[in-house]
Amino acid sequence: MIKSGLKKLYMGLVFIFLYAPIVTLIVFSFNDSKSRAKWEGFTLKWYANMFHDPVIVKSLYYTLIIALIAAIVATLIGTFAAIGIHYMKKWFRGIVMNITYLPVLNPDIVTGIGLMLLFILINLKLGFESLLLAHITFCIPYVIISVLPKLKQLTPNTFEAALDLGATPFQTIWKVIVPEISPGIVTGFLLSFTLSLDDFVISYFTTGNGVQTLSITIYTMTKRGIKPEINALSTILFAAILVLLILINRRPGKNNVLLD
Amino acid sequence: MLRKWLATPYILWAIIFTIIPLAMILIYGVTIDDGGIRFSLENIMKAFDPIYFKALLRSIYYALISTIICLIIAYPLALILTEKRNAKVTVIFIFVLPMWMNFLLRTYAWLTILETNNGFLNTVLRFLHLPTIQIIGTPNAIILGMVYNFLPFMILPIYNVLSKIDPYVLEAAFDLGASKLTRFVKVILPLSIPGVISGITMVFMPAITTFVIPKLLGSGKINLIGNLIEQQFVQSYNWYFGASLSLVLMVIILISMGILNRVDPSREGGAL
């Protein structure tokens, strides 16, 4: 009895530690004062105001559009790459996989400054395009890593079988291989989308020209004080992701996105 | 054959956006520009000047402490979570969910809680006539921020390996007369090492490279290696020295990963 009580207490303490800042943030999104020190009564005005703040609306737009395009492009390139890598000769596959793990293992700050140096070298003005290219770059490896295990689960010679039965190589990939590996593709896409949404460090070094994602806007604000509107927006995003994750994980015949 | 060419766009992409940037850091790291650009290890040497070297040692020290604290918190937690086999998804969900809120905001929220004058915690302490604490701007605040941000990365891999241990193996240990302690030391602990190694890597790496946490919770008074690198690129525009510092950082990470891989008996560490 005491032991199980202690275990619950321990879990509870870690839980409080992880959620204290989040609860603080949500509570202060309803605070009727710009200060984050005092509680001045309940209000919903920050939720109404946030859509009138041009900086916040613009960064939300950039964040979502970049996450969406980056996830789509990374999923396309990454899926094809995974199929290609799967059928490569072993020694070459080893080299390509080592290169694939580079951005995953490299610290974000190094990836960020490396890309910044490259963009400046090729005279690409830092802004929307450079940000997008950077996001695609760090997302592709995660798509490949998500798709490859599904390819390994394919019955060997599926490709040859489809060709023997008269499918063109293009049809084989599109109608035979892709449907089989689709859970991996979905995981890769969702992973890319969240990574892009959440990235700060790489974006920080590769953006410019007034193009700001939410992370960068928040970082700029930390110097002068976070606007309560940002707390309101984050509360909404948090709630949306919570609902989305619950729906995904309740999907019948699910392939558990959260755990894989 | 079509399928052989499928990876070509990616390979080109990787060469342009992964290999070339790293090569550029390497080149910038070992050159200096004094009128003309020439090869020199001057900047690498400069990274070992006391001012910079201290920041480097500090980063390693803070990252180590945070990793150890994370391990101490996460291992028992993962053990407890493993007992609740039926609640797997829900339990994991609860401990991963915080990661889906912007990490800058979450870290910033600690300011609201811990600030010396107006912080929530000190207001409560003052109300109870207890002594207040001053933590923001100190090394402890930075370590707290690291533990807070990276703890889930330690919980998940350890939980993953623990939950995959075959229950019959544990039963067998009992049948063969092992006490609970022996079972833990001789069976559970060795089997969980790959998860612990992944956890250590996933906490230590981001902790040693972070520049945001010291900026926010250390009030910008304490510099880590990440801050120095960032300053070279964003403030003083000394890319050559910034690249040298990055090279030193990468070497340290490579060395620590090498050490970790030696510890890992399975030599895979793939608990992800």
Side-chain angles (χ1 to χ4, degrees), chain A residues 7 10-11 14-15 17-22 24-25 28 36-37 77-78 80-81 83-85 87-88 96 99-100 102-103 107-111 113-118 121 133 137 140 159 169-170 173 194 198 200-201 205 214-215 218-219 222 226 230 234 238 241-242 245 249 256 258-259, chain B residues 1-11 13-14 17-22 24-25 28 73 76-77 80 89 92-98 100-110 112-113 115 118 120 148 151-152 205-206 209 211-212 216 226 229-230 233 239 242-243 246 249-250 253:
Chain A
K7 283 177 183 169
Y10 188 73
M11 273 173 69
V14 179
F15 182 82
F17 176 60
L18 286 176
Y19 280 84
I22 294 175
T24 314
L25 213 147
F28 276 89
R36 61 193 159 83
I77 299 179
F80 286 129
I83 300 174
I85 291 169
Y87 290 108
M88 269 172 194
V96 176
I99 297 172
T100 304
L102 270 178
D108 280 354
I109 190 170
V110 174
T111 310
I113 54 174
L115 284 166
M116 182 186 100
L117 291 175
L118 172 78
L121 176 83
L133 288 172
T137 305
I140 297 176
F159 208 101
F170 180 77
I173 288 166
T194 15
D198 210 41
F200 165 70
V201 176
F205 288 104
L214 273 176
S215 292
I218 292 168
Y219 183 72
T222 55
I226 296 268
I230 285 283
S234 314
F238 188 69
I241 286 165
L242 185 65
L245 284 176
N249 282 290
N256 204 316
L258 190 68
L259 295 178
Chain B
M1 275 290 282
L2 172 69
R3 65 186 178 191
K4 282 200 176 150
W5 295 99
L6 282 173
T8 315
Y10 165 65
I11 292 171
W13 190 288
F17 294 106
T18 305
I19 307 283
I20 294 181
L22 281 176
M24 286 183 71
I25 293 179
Y28 270 103
I73 299 179
L77 186 78
I80 297 172
V89 176
I92 289 293
F93 192 79
I94 287 171
F95 287 97
V96 178
L97 191 62
W100 264 283
M101 188 158 231
N102 187 290
F103 102 100
L104 288 161
L105 275 179
R106 278 184 292 137
T107 311
Y108 190 76
W110 277 109
T112 314
I113 300 174
E115 255 174 345
N118 297 321
F120 174 71
Y148 171 73
L151 183 62
M205 286 248 301
T209 59
F211 66 92
V212 181
L216 289 182
I229 297 177
E230 186 237 357
F233 285 96
W239 296 353
S246 314
L249 178 65
M250 284 162 79
I253 288 174

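Letters A, B, ... mirror the listed sequences (proteins, then strands); counts begin at 1. All figures in this text were calculated on a predicted structure; none of them were measured in a lab.
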*With chain B, which of A:Gly114, A:Ala20, A:Gly78 has the greatest number of heavy-atom pairs at distances under 4.5 Å?*
A:Gly114
_Please rank A:Leu242, A:Ile83, A:Thr111 by heavy-atom pairs under 4.5 Å with chain B and give me the top one._
A:Leu242
Does any backbone or side-chain atom of [X] lie under 4.5 Å from a heavy atom of chain A? Answer side chain, backbone, both or neither.
{"X": "B:Leu77", "answer": "both"}
{"X": "B:Ile11", "answer": "side chain"}
{"X": "B:Leu216", "answer": "side chain"}
{"X": "B:Pro76", "answer": "both"}
{"X": "B:Leu105", "answer": "both"}

Portion of [X] that has a non-hydrogen atom of chain B nearer than 4.5 angstrom:
{"X": "A:Thr24", "value": "side chain"}
{"X": "A:Leu115", "value": "both"}
{"X": "A:Met88", "value": "side chain"}
{"X": "A:Ile241", "value": "side chain"}
{"X": "A:Thr100", "value": "both"}

Would you find a donor on one side and an acceptor on the other, under 3.5 Å apart, between the side chain of [X] and the backbone of [Y]?
{"X": "B:Tyr148", "Y": "A:Leu18", "answer": "yes"}
{"X": "B:Tyr28", "Y": "A:Leu117", "answer": "no"}
{"X": "A:Tyr19", "Y": "B:Ile94", "answer": "yes"}

_So which residue, B:Val212, B:Ile25, B:Leu249, B:Thr107, ends up with the most heavy-atom pairs under 4.5 Å with chain A?_
B:Ile25
*What pairs with A:Tyr219 under ring-ring contact (aromatic ring centres under 6.0 Å, His included), at least two apart in sequence or on another chain?*
A:Phe200, A:Tyr204
Restricting to non-hydrogen atoms, name the atom on [X] and the atom on [Y] that form the minimum distance, rounded to 0.1 Å.
{"X": "B:Ala109", "Y": "A:Pro21", "result": "CB-O, 3.4 Å"}
{"X": "A:Phe80", "Y": "B:Leu6", "result": "O-CB, 3.4 Å"}
{"X": "A:Ile99", "Y": "B:Tyr10", "result": "C-OH, 4.4 Å"}

Rounded to the nearest 0.5 Å, what's the gap from [atom1] on [X] to [atom2] on [Y]? Could you check?
{"X": "B:Glu230", "Y": "A:Ile109", "atom1": "CD", "atom2": "CD1", "answer": "7.0 Å"}
{"X": "B:Trp239", "Y": "A:Ile113", "atom1": "CH2", "atom2": "CD1", "answer": "11.0 Å"}
{"X": "B:Leu104", "Y": "A:Leu214", "atom1": "CG", "atom2": "CG", "answer": "10.5 Å"}
{"X": "B:Phe17", "Y": "A:Leu133", "atom1": "CZ", "atom2": "CG", "answer": "4.5 Å"}
{"X": "A:Leu121", "Y": "B:Ile20", "atom1": "CG", "atom2": "CD1", "answer": "8.5 Å"}
{"X": "B:Ile19", "Y": "A:Leu118", "atom1": "CD1", "atom2": "CG", "answer": "12.0 Å"}

*Give the C-alpha distance, both sets of side-chain angles, the deciding distance and a yes or no for side chain to side chain contact (heavy atoms under 4.5 Å, CB included) between B:Leu97 and A:Phe238.*
CA-CA 9 Å; B:Leu97 191 62; A:Phe238 188 69; 3.9 Å; yes
*Is there a donor-acceptor contact under 3.5 Å linking the side chains of A:Ser215 and B:Asn102?*
yes
*Would you indicate whether the side-chain heavy atoms of A:Pro107 and B:Ile253 approach each other to under 4.5 Å?*
yes
*Do the ring planes of A:Phe17 and B:Trp110 sit parallel (below 30°), tilted (30 to 60°) or perpendicular (above 60°)?*
tilted
*Apply side chain to side chain contact (heavy atoms under 4.5 Å, CB included) to B:Leu151 and A:Val14, showing your working.*
CA-CA 10 Å; B:Leu151 183 62; A:Val14 179; 4.0 Å; yes
